[in-house]
Structures are given as structure tokens and as C-alpha cells.
Amino acid sequence: MLSMRKYLFSAGFTLLVAATSASITVMTPPALASQIKYVVNNVPITTGDIQHRAAFLRLQRKKGDAAEEMIEQTLRVAEARRLGIRISDAQVDAAYQRFATTNKMQLKQLDGVMAQSGVGKEHFKEFIRSQMAWNQALTARHRSKSGGALSEQDVVRRMLDNGGTKPTAMEYMLQQVIFVVPAAERSATLSKRKREADAMRARFNSCNTSREFAKGLIDVTVRDLGRILAPQLPPDWADQIKATKVGGATPTRETDRGVEFIGICSSREVSDDKAAQMVFQSEGSSGKDADELSNKYVEELRKKARIVER
């Protein structure tokens, strides 16, 4: 996963952990009639949206303008959509579940925190969706700005700046297993397909035997993904892949294609030119650089946007 993505997506989560670690005693705000407050490129932002975001800021113990945050989120989501970036409900639900697990809460407990604080589960989930989409948009922007990759001269310069040491990266050989679920059959068969995928994943012990396991199953695709360096890992899978031992498989996930998991065929540390290039590329998109890129990108979107206050 590019560190830019990890930085932007984890920032809000870390603050929320601090807030939820203590007992929350705030009362749920009374429900108010929601009215349209702003229209951003024909997309309405309601007073209810702003109230939820204000509660979210309080929960994070963070200062900020709730209305401005909602305007910027609307701009980011629209830009991601323009780029063809789609974050499925399954991806959002999985991230929400991971957040609950990380904070040692059951989903009902997390739902309760969101409701009691006035944030609301759905508002938090839309925040997650917007962050995931924006991370992908930023990555695409970074690659376009940098020409997609560092030149050999850039790599040499970065190595010299690093004391002449070539950085290393983990190289993975991966295998993707997809239990296909057609869109028209999703509601009827998704649960059954997930049970089948979980059963195969539990038996997985090598990429050499997965095709044999899949032979007797209907609509199961096994794909060898080849050599992938750590900075190139798909962002939705990166953390799970890194946490899985060789010969094992990631937990199953619901995706637009159906139910999937990824097997770890092998991994090794490499320090070749490509690895150095990818490591330097990801380092160049972290921390302050990522923050600046995000701010400039949003500012460009604001200048082009039509924002009307009601």
C-alpha cells in the first residue's frame, strides 16, 4: 500500500480511537428537520449532514468547520467518481468491521458509540467511503504528476541522498481466488458463496493445490497474480496480505465480483533496481507531501466548483 493512502485513511481513525477509548457520556442530540444548506455542483448538503460532521469533529476532539468539511468531502467524492473510482458497500462494511475489531468492540458497540455521539453509523461509513475513494484519486494524481515512475537518474540521486544504500522491499507471489457471484444473483446466493469461500480458504495451504480444490466447485476462478512488490499491493488488500504467512490466505472479502481471498505463495526481501524505484516512489508520496498534494488538489476543485449557499 502506498504510504500516502495509509497516512490519509488512518489519520482520522487514530483520533477516533483516542476519543472512543474513554466512556462517552454525551446525550444523543434531538432530531431536527433537515434542510438544504449548500449545493455543490448540484449535490445538496443538508443541515443534518453538517450536524453529523460537527458531532464527528467533537468525537475526534478536533477543531474544524463542519460545513467546510462537508463541502470538501462532496468535492472529493465527485472527483473520485469522475475518475471512475467506486468503493462498494462491501468494502466499506469490511473497513467498519476492521475498525470495530481494532478497537476491541463488537459492531453493536460501535453502532452505539456512533448513535450516542450524534455522528451516526451511516455518516461514519460515508466518511470511510470518501476517504478510500480520495486515497485512490490522490494516488492517480501523484502518478500523473510524477510521470508514473521515477527515472533512473532520480533513483540514483535518492540512493546517494540515502548514503548510497539501496532500499529493500518485500516481493510477494500471490494467487487470487474468486467465487463469482453475478449481480442478478447477489442477494440470493452471496451468503452461500461466502460459506463456500470460507471453507476453501480454511483448507488452503499452498498455491500448488488451490486449483485442485476448485475443480469440484462452480464458478470459481483461480488467478496467479505474479511478482508484486509491497508498494504495488492493491490498497484494499495490502494490510491483510502483509499480515498473512506464506502458505496461508487472507480472510475472505465480499467484492463487486463476488467473494474473494488471496493466497500467499511466497515472499522474499529484494533490493533490485525495481524495488528501489518503488520504495522511493512511495516515500515521495508520504507525510507532508501527501498532505500538500491533497490540499492543492482540493483547492483546484473548489476553484472550478459551483457552490451555492441557501
Side-chain angles (χ1 to χ4, degrees), residues 1-19 38 40-41 43 45 49-50 52-88 91-92 95-96 98-99 119 123-150 154 158 230-239 278-307:
M1 178 187 297
L2 288 177
S3 51
M4 174 168 61
R5 292 173 173 175
K6 184 175 182 180
Y7 168 77
L8 289 170
F9 188 50
S10 63
F13 278 19
T14 303
L15 292 168
L16 189 58
V17 170
Y38 295 94
V40 180
N41 294 335
V43 177
I45 297 174
D49 296 327
I50 295 170
H52 288 306
R53 182 51 52 93
F56 189 32
L57 290 171
R58 289 194 296 271
L59 187 60
Q60 296 177 85
R61 297 174 184 172
K62 176 182 173 183
K63 294 181 179 179
D65 187 316
E68 285 299 307
E69 285 213 358
M70 288 308 303
I71 290 171
E72 290 192 1
Q73 178 172 304
T74 303
L75 291 170
R76 290 171 175 174
V77 169
E79 176 66 2
R81 187 177 295 114
R82 185 187 71 81
L83 295 172
I85 296 168
R86 298 287 187 274
I87 306 298
S88 69
Q91 289 172 283
V92 174
Y96 189 76
R98 286 195 298 272
F99 180 75
V119 177
H123 185 84
F124 184 41
K125 284 189 173 184
E126 286 310 305
F127 170 78
I128 292 173
R129 190 192 307 275
S130 68
Q131 288 291 89
M132 295 174 76
W134 185 241
N135 292 341
Q136 292 188 31
L138 276 180
T139 299
R141 173 79 161 202
H142 173 73
R143 286 174 178 166
S144 67
K145 290 287 186 182
S146 62
L150 295 174
D154 289 332
R158 293 290 298 274
Q232 297 173 304
L233 289 171
D236 297 340
W237 292 96
D239 288 343
M278 291 303 302
V279 170
F280 285 143
Q281 191 82 31
S282 63
E283 287 179 350
S285 60
S286 63
K288 184 179 178 181
D289 290 340
D291 211 14
E292 290 179 356
L293 178 62
S294 179
N295 291 338
K296 288 180 180 178
Y297 201 171
V298 170
E299 188 59 32
E300 289 179 17
L301 295 175
R302 288 188 76 109
K303 289 178 180 178
K304 298 175 184 176
R306 184 171 182 270
I307 302 173

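The first residue of the sequence shown is numbered 1, and numbering continues consecutively from there. Atoms considered below: every heavy atom in the structure, side chains included; atoms not considered: hydrogens, waters and symmetry mates.
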L233 and A238 have their tightest heavy-atom pair at CB-CB, 3.9 Å

In this structure, CZ of R98 is separated from CG of D239 (nearest 0.5 Å) by 7.5 Å

Keeping the roles fixed (side chain from R129, backbone from V92), state whether a donor-acceptor pair exists under 3.5 Å. no

Q.
When you compare the side chain of L301 with that of E72, does any pair of heavy atoms fall below 4.5 Å?
A. no

**Report entry** Cationic N near anionic O, under 4.0 Å, E68 to R302
**Finding:** yes

Nearest heavy-atom contact between V119 and H52 is O-ND1, 3.0 Å

To the nearest 0.5 Å, atom CD1 of I128 lies from atom OH of Y96 at 7.5 Å

Short side-chain donor-acceptor distance under 3.5 Å, R53 and Q73: yes

Just by distance, do the side chain of E126 and the backbone of H123 share a donor-acceptor pair under 3.5 Å?
-> no

Here the pair of heavy atoms bringing R86 nearest to A80 is NH1-O, 4.5 Å

One should read off an interatomic distance between L57 CG and D65 CG, to the nearest 0.5 angstrom, of 8.5 Å

Value for OG (S130) from CE (M70), rounded to nearest 0.5 Å, stands at 8.0 Å

Interatomic distance, CG@L138 vs CD@Q131, rounded to 0.5 Å, equals 9.5 Å

The reported gap from CG in N41 to CZ in R82 (rounded to nearest 0.5 angstrom) is 11.5 Å

SB check K304 E299 (cutoff 4.0 Å): no

Would you call the rings of W134 and Y297 parallel, tilted or perpendicular if under 30° counts as parallel and over 60° as perpendicular? tilted

Report yes if the side chains of V43 and Y38 come closer than 4.5 Å at any heavy-atom pair, otherwise no.
no

Check ion pair K303-E300 (N to O, under 4.0 angstrom): no

